[in-house]
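Notes for the one structure printed next.
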2 protein chains.
Amino acid sequence: MDRILIVEDDSETAEAIAREVRALGCTPVWHATLDEGVAAATEGGEFRVIVLDRMLPGGDGVEAMARIRAGGSRALILVLSALGRAAQRVEGLEKGADDYLPKPFEPEELRARLRALLRRGTIEVLDNDLLAFGDLEIRLKARTVHVRRNHVAVSPKEFELITFFARNAGQVVTRMQLLENVWNLHFDPGTNVVDVHVGRLRRKLEEAGAQAIQTARGEGYIFAPLRAN
Amino acid sequence: MDRILIVEDDSETAEAIAREVRALGCTPVWHATLDEGVAAATEGGEFRVIVLDRMLPGGDGVEAMARIRAGGSRALILVLSALGRAAQRVEGLEKGADDYLPKPFEPEELRARLRALLRRGTIEVLDNDLLAFGDLEIRLKARTVHVRRNHVAVSPKEFELITFFARNAGQVVTRMQLLENVWNLHFDPGTNVVDVHVGRLRRKLEEAGAQAIQTARGEGYIFAPLRAN
DNA sequence: GGCCGGATGACAGGCCCGTGACAAATCCTG
DNA sequence: CAGGATTTGTCACGGGCCTGTCATCCGGCC
């Protein structure tokens with residue numbers, strides 16, 4: 001049974017989270033302070049996912065991530081925050097969070113995101129620099145993509161794109177999601193920008209030998225690199 | 001393809017390591033005794049990484065590191081040990097190991113660490129006096145730069161620049177970072193000073209035969225001495 | 001066959017970056 | 001101290017790579 005760590009000072013919220021965790025068939029473990037949470041994350045058995053409140057007495061959750069990673073935990077981290085604006089979101093993700101959810105949240109949304117994180121599994125999150133799927137690697141700090149240890153030249157936008165895909169690997173990603181998260185557009189521009197860019201990226205990846213992007217007709221795209229080895 | 005040296009007396013463990021090495025697209029070379037291992041490390045072609053068991057008949061692996069370094073190898077060393085507690089770990093790292101992994105280990109963890117070492121591709125030897133990347137060397141105390149053992153004349157500012165780049169090798173370095181750390185400016189001067197200096201430095205390095213500085217459009221620059229792929 | 005959603009190729013505009021020339025500042029040297 | 005050499009910073013210009021748009025093509029599906 002997979003264990004999920006909840007670090008959250010408000011007991012009511014914590015209970016709401018725990019409910020969703022149980023609904024997914026996982027075991028919730030709750031700690032109310034940062035120090036306890038970090039200790040639990042780095043000592044006891046591995047957790048699959050850590051749900052981390054960003055605003056806690058005793059420090060910023062984002063800072064805590066560094067300590068958790070340094071402690072060797074390979075759990076995926078979902079950051080919760082009342083400061084739910086795009087800038088915050090980006091900062092959180094860059095600092096090593098795997099997902100970000102603004103408070104207040106809908107129970108269904110939390111569950112959906114948790115499910116996505118659990119499903120990810122196939123990713124090896126190493127030191128918040130590398131996203132690896134079999135022989136496809138994305139190096140965040142160098143902003144490069146490698147397939148079979150060969151460099152694949154991608155443009156800035158293509159890198160944003162593949163990064164977003166990678167963070168949502170294995171699930172359908174809609175055009176709208178891409179427009180919002182990669183283009184920062186909150187409306188449909190009425191063109192096929194997304195298609196074109198996905199096409200270009202797909203071509204480059206396939207030339208390098210990676211069949212990574214599938215299209216889900218009428219839905220969007222799915223990033224699912226087949227796991228060789 | 002990169003070669004990785006395995007020094008380990010237990011053939012079963014050695015095979016497990018070799019498997020991970022191959023999974024990363026590298027070639028494993030196995031020796032079962034310390035003396036053979038040291039000889040291989042110092043004589044034949046250069047290895048990228050050496051996986052060294054700490055407890056071997058014939059001596060302590062940590063001692064062997066000194067001999068390997070003395071022999072001129074620039075490989076990164078990963079020490080394996082059954083004595084896997086923090087104190088040992090620290091001792092190993094201080095004696096010149098680049099990473100430390102307790103036995104028994106998870107295959108994925110070994111792979112992750114090997115991957116990290118391969119990505120690092122640098123070595124600092126001798127009291128932080130030398131930064132070496134393949135055939136590009138930076139001597140901090142003498143403030144000189146060498147490519148293929150040939151001296152490259154750089155101006156003071158260019159030396160500051162390449163030093164900062166080297167310390168952040170493999171990651172995107174933004175113009176702002178450079179302005180802050182090399183120019184001590186905490187605002188954007190609105191000119192292209194950085195571009196010009198990077199251009200000049202880049203030219204000198206390339207004339208000497210080192211393709212070291214890549215530009216990341218819209219982001220900044222990346223110092224990545226071609227470790228090929 | 002017609003329709004719909006997606007793929008692809010071509011193209012134009014824009015923006016970012018590289019470069020050469022020049023001026024100011026600093027250092028060295030006699 | 002003077003004069004030259006080197007270094008450092010500014011600017012303007014040109015070119016090339018991205019990016020977004022559109023028109024067209026393709027392939028399934030009813």
Side-chain angles (χ1 to χ4, degrees), chain A residues 142-145 151-165 172-208 210-224, chain B residues 143-145 151-165 172-207 210-224:
Chain A
R143 300 185 76 83
T144 58
V145 176
H151 180 258
V152 178
V154 295
S155 78
K157 187 118 288 187
E158 285 160 8
F159 186 81
E160 296 281 315
L161 192 55
I162 196 174
T163 300
F164 185 78
F165 269 132
V172 171
V173 172
T174 67
R175 277 160 233 279
M176 206 53 214
Q177 277 179 285
L178 291 171
L179 285 170
E180 293 210 348
N181 292 282
V182 179
W183 274 263
N184 259 316
L185 289 180
H186 301 277
F187 56 93
D188 184 347
T191 70
N192 64 345
V193 214
V194 176
D195 301 59
V196 172
H197 273 84
V198 170
R200 297 207 248 253
L201 176 58
R202 177 187 269 159
R203 153 119 64 128
K204 289 184 181 178
L205 292 179
E206 292 185 352
E207 277 175 1
Q211 232 86 137
I213 303 176
Q214 332 291 341
T215 87
R217 217 181 161 70
E219 303 277 340
Y221 297 92
I222 303 176
F223 184 77
Chain B
R143 300 183 72 82
T144 58
V145 176
H151 180 258
V152 178
V154 294
S155 77
K157 187 119 291 191
E158 284 161 7
F159 186 81
E160 295 282 315
L161 192 55
I162 196 174
T163 300
F164 185 77
F165 269 132
V172 169
V173 173
T174 67
R175 278 160 232 279
M176 207 53 214
Q177 278 178 283
L178 292 170
L179 286 170
E180 294 209 346
N181 293 282
V182 179
W183 275 264
N184 261 316
L185 289 180
H186 301 275
F187 56 93
D188 183 347
T191 71
N192 66 345
V193 213
V194 176
D195 301 57
V196 172
H197 274 83
V198 170
R200 298 208 247 254
L201 175 58
R202 177 187 270 158
R203 155 120 60 132
K204 289 184 182 178
L205 291 178
E206 291 187 352
E207 277 175 359
Q211 231 89 117
I213 304 175
Q214 331 288 343
T215 87
R217 218 150 217 281
E219 299 283 339
Y221 295 94
I222 303 171
F223 184 77

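Every chain is numbered from 1 and lettered A, B, ... according to where its sequence line falls, protein lines coming before strand lines.
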Practice prompt. Can you tell me the distance, in whole Å, between the CD1 atom of B/I213 and the P atom of C/dG18?
Written response: 10 Å
Practice prompt. State whether the side chain of B/K157 and the backbone N or O of B/H197 hold a donor-acceptor pair below 3.5 Å, judged by distance alone.
Written response: no
Worksheet item: Is B/V198 close to B/F223 at the side-chain level, that is, under 4.5 Å between some pair of heavy atoms?
Response: no
Item to complete: Give the angle between the helix axes at the two ends of the helix from C/dG1-D/dC30 to C/dG30-D/dC1, taking five base pairs at each end and rounding to 10°.
Response: 30°
Discussion item. I want to check something: taking the side chain as every heavy atom from C-beta on, are A/F165 and A/L178 in contact at a cut-off of under 4.5 Å?
Written reply: yes
Practice prompt. Look at A/Y221 and C/dG5 and indicate whether a side-chain polar atom (N or O) is within less than 4.0 Å of OP1 or OP2.
Written response: no
Practice prompt. Check whether any side-chain heavy atom of B/D195 sits under 4.5 Å from a side-chain heavy atom of B/Y221, and report yes or no.
Written response: yes
Worksheet item: Considering only heavy atoms from C-beta outward, does the side chain of A/V173 approach that of A/I222 to under 4.5 Å?
Response: no
Worksheet item: Does the B/R175 side chain pair with the main chain of B/G220, one donor and one acceptor, at a distance under 3.5 Å?
Response: no
Worksheet entry | Atom-pair distance (CZ on A/R202; C1' on C/dG9), nearest Å | 16 Å
Discussion item. On DNA chain C, does the nearest nucleotide to B/A216 precede the nearest nucleotide to A/T215 from the 5' side, or the other way round? Give the residue.
Written reply: A/T215
Item to complete: Looking at every strand, decide which applies to A/F159 at a 4.0 Å heavy-atom threshold: base, sugar-phosphate, or nothing.
Response: nothing
Worksheet item: What is the distance, rounded to the nearest whole Å, between atom CZ of A/R175 and atom P of C/dC4?
Response: 16 Å
Discussion item. With a 4.5 Å cut-off on side-chain heavy atoms, are B/I162 and B/L201 touching?
Written reply: yes
Worksheet item: How long is the line joining CG of B/L201 and P of C/dG18, in whole Å?
Response: 12 Å
Item to complete: Would you mind telling me which residue lines up with the more 5' stretch of DNA chain D, A/V154 or B/K204, judged by nearest nucleotide?
Response: B/K204
Discussion item. Using whole Å, what does the distance between atom P of nucleotide C/dC16 and atom CG of B/D188 come to?
Written reply: 12 Å
Worksheet item: Along nucleotides 19-30 of chain D, 5' to 3', which nucleotides get a B, which get an S, and which get a -, given that the test is a protein heavy-atom distance under 4.0 Å?
Response: BBBBB---B---
Response to the item:
Here the distance between atom P of C/dA7 and atom CG of A/L205, to the nearest Å, is 14 Å
Worksheet item: Hey, is A/E160 close enough to A/R143 for a salt bridge, meaning N to O under 4.0 Å?
Response: yes
Discussion item. Keeping B/Q177 on the side-chain end and B/T174 on the backbone end, is there a donor-acceptor pair under 3.5 Å?
Written reply: yes
Worksheet item: Atom CD of B/E219 to atom C1' of C/dC15: distance rounded to whole Å?
Response: 15 Å
Discussion item. Output the rounded distance in Å from CZ (B/R203) to P (C/dA21).
Written reply: 10 Å
